[in-house]
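In the text below, chain A, chain B and the rest are named by the order of the sequence lines, each starting its count at 1.
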Protein chains: 2
Amino acid sequence: MRIGEATEIPAADSAVSQKSARARSRAVMEQRILAAAAAVFSEAGFDAATTAAIAERAGLPKANIHYYFRTKELLYQKVLADVLDIWIEQMDLFTTEADPAVALRLYIQAKVALARSYPIESRVFANEMLHGAPYLGRFLGSKLKARVDAIATVFARWAAQGKIAADVDAHHLMFTLWAATQTYADFSVQVGAVLGVDALSEKDYERAAEQLTILVLRGCGLDN
Amino acid sequence: MRIGEATEIPAADSAVSQKSARARSRAVMEQRILAAAAAVFSEAGFDAATTAAIAERAGLPKANIHYYFRTKELLYQKVLADVLDIWIEQMDLFTTEADPAVALRLYIQAKVALARSYPIESRVFANEMLHGAPYLGRFLGSKLKARVDAIATVFARWAAQGKIAADVDAHHLMFTLWAATQTYADFSVQVGAVLGVDALSEKDYERAAEQLTILVLRGCGLDN
DNA sequence: GTCTATAAACTGATAGAC
DNA sequence: GTCTATCAGTTTATAGAC
């Protein structure tokens with residue numbers, strides 16, 4: 001297929017219309033492969049995931065995977081980058097002007113919602129951490145650390161203003177919030193088994209968020 | 001070497017002395033292999049772990065691994081069983097007679113101590129959960145569920161006696177406690193990076209336990 | 001019991017026809 | 001761009017000398 005053939009549709013969105021039919025086709029295939037790759041990586045981890053499994057899930061011959069992503073490593077890095085995009089944009093809630101109780105409540109709800117809506121991405125991230133973060137190591141010590149340090153500053157101001165208990169360490173609080181929310185994605189098998197259900201329902205996630213909110217707000221000395 | 005040769009030492013402990021020299025030698029080799037296997041499984045997960053890597057870490061030829069454990073799967077199951085032994089014996093603290101604050105404080109300290117002393121075992125367990133618990137699935141829905149259900153009964157009694165906040169769900173509290181403590185083993189790379197340290201020190205683990213205790217006790221409506 | 005050698009299957013990646 | 005065939009390397013597991 002050449003550029004500007006019959007399938008070329010004038011799009012309303014200019015950013016899209018600037019792409020040729022070929023480029024659009026490539027983007028579609030890449031998305032399809034990335035989705036399949038994320039699923040396989042989440043189930044197996046990087047080392048155990050096979051390009052054959054990714055190809056099969058994408059409904060493509062194995063060689064096509066290597067045509068769009070030269071190596072398995074490049075494909076994994078792209079998956080990880082997409083996963084990070086989802087994860088990092090949650091911490092803006094913690095500003096000095098915000099109400100601590102409201103910020104914490106919204107953050108917990110957002111994180112539990114992420115665990116429910118993006119379990120695959122959550123597990124890819126968990127696998128990466130569990131295996132020593134060979135690809136995300138840099139990000140953790142730079143960008144993520146900076147974000148949490150900034151949040152700690154906000155918590156210190158809140159504490160100085162008497163808005164929150166002074167003995168709460170923001171760093172460790174974040175570790176607990178991350179762990180407690182991600183467990184509903186990463187360890188959903190365990191949670192489901194202990195609750196006695198096959199799969200977690202919307203009610204289960206709501207209750208999870210509600211319970212964690214109760215614990216954390218009261219734990220931070222905030223009236224519920 | 002035949003049974004009853006010069007290396008046969010009369011042992012004070014009868015249980016040990018009943019074992020032949022051959023059996024003891026076998027037990028030693030099995031332990032050596034199991035330790036190496038746990039390390040490799042914790043770093044790679046079951047699928048990505050190779051018997052060659054286990055052999056290398058144990059300082060043995062690869063064939064010897066298969067002599068003591070016929071298949072990689074049997075070796076993994078034995079490692080998992082040993083891991084479970086470490087993990088399940090922590091919940092006896094929660095009895096109706098116990099003081100809720102004391103029980104929770106001790107449980108958190110014990111769990112954080114486990115995360116520090118047995119990070120390998122913790123990661124093997126985490127890997128198994130993350131990949132859908134193909135080998136521990138049964139255990140989760142039977143033995144573990146029964147334990148947590150029993151704890152929930154204790155919490156209900158405590159709540160009825162006014163000893164603990166009535167709106168705390170014991171099941172979700174346990175999920176949070178497990179996740180928050182295990183994160184110091186499973187995600188120690190992330191924790192260390194955000195704290196700005198290469199490796200977590202004893203002080204870091206102490207602070208982790210202390211902070212989680214503050215949050216949970218106050219969160220459960222208990223005077224600290 | 002230990003170890004070298006090797007079988008049989010699978011892995012990431014590529015060549016080359018279409 | 002797509003796909004079959006295939007390479008070189010690795011994997012689990014075993015055979016068989018010692």
Please report, rounded to the nearest Å, how far the [atom2] atom of [N] is from the [atom1] atom of [X].
X	N	atom1	atom2	result
B:Asp47	D:dT11	CG	C1'	12 Å
B:Arg70	D:dA15	CZ	P	11 Å
A:Phe46	C:dT11	CZ	P	14 Å
B:Lys62	D:dT11	NZ	C1'	7 Å
B:Leu74	D:dT12	CG	P	14 Å
B:Arg26	C:dT2	CZ	P	9 Å
A:Asn64	C:dT14	CG	P	14 Å
B:Ile65	D:dT14	CD1	C1'	15 Å

**Fill in**
Output for pair (A:Gln90 CD, A:Leu106 CG), nearest 0.5 Å, gives 10.5 Å
**Asked** Just how far is it from atom CG of B:Leu200 to atom CZ of B:Arg116, taken to the nearest 0.5 Å?
**Response**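 Here the interatomic distance stands at 9.5 Å.
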Where the side chain of [X] is concerned, which of [options] is the nearest nucleotide?
X	options	value
A:Thr50	C:dG1, C:dG12, D:dT4	C:dG12
A:Tyr67	C:dC3, D:dT2, C:dA13	D:dT2
B:Met29	C:dT2, D:dT2, C:dC3	C:dT2
A:Lys72	C:dA13, C:dC3, C:dA15	C:dA13
A:Pro61	C:dA13, D:dT2, D:dC3	D:dC3
B:Ala63	C:dT14, C:dG12, D:dA15	D:dA15

[X] near the nucleic acid: base, sugar-phosphate alone, or nothing, with a heavy-atom cut-off under 4.0 Å?
X	result
B:Ser25	nothing
A:Ala53	nothing
A:Ala55	nothing

**Asked** OP1 or OP2 of C:dT14 less than 4.0 angstrom from a side-chain nitrogen or oxygen of A:His66, does that happen here?
**Response** no
**Asked** Should B:Tyr68 be listed as having a side-chain N or O under 4.0 Å from OP1 or OP2 of C:dG1?
**Response**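 Negative; the distance criterion is not met.
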Kindly assign one of parallel, tilted or perpendicular to the pair [X] and [Y], based on the angle between their ring planes and the thresholds 30° and 60°.
X	Y	result
A:Trp87	A:Phe125	parallel
A:Phe155	A:Phe94	tilted
B:His172	A:Tyr184	tilted

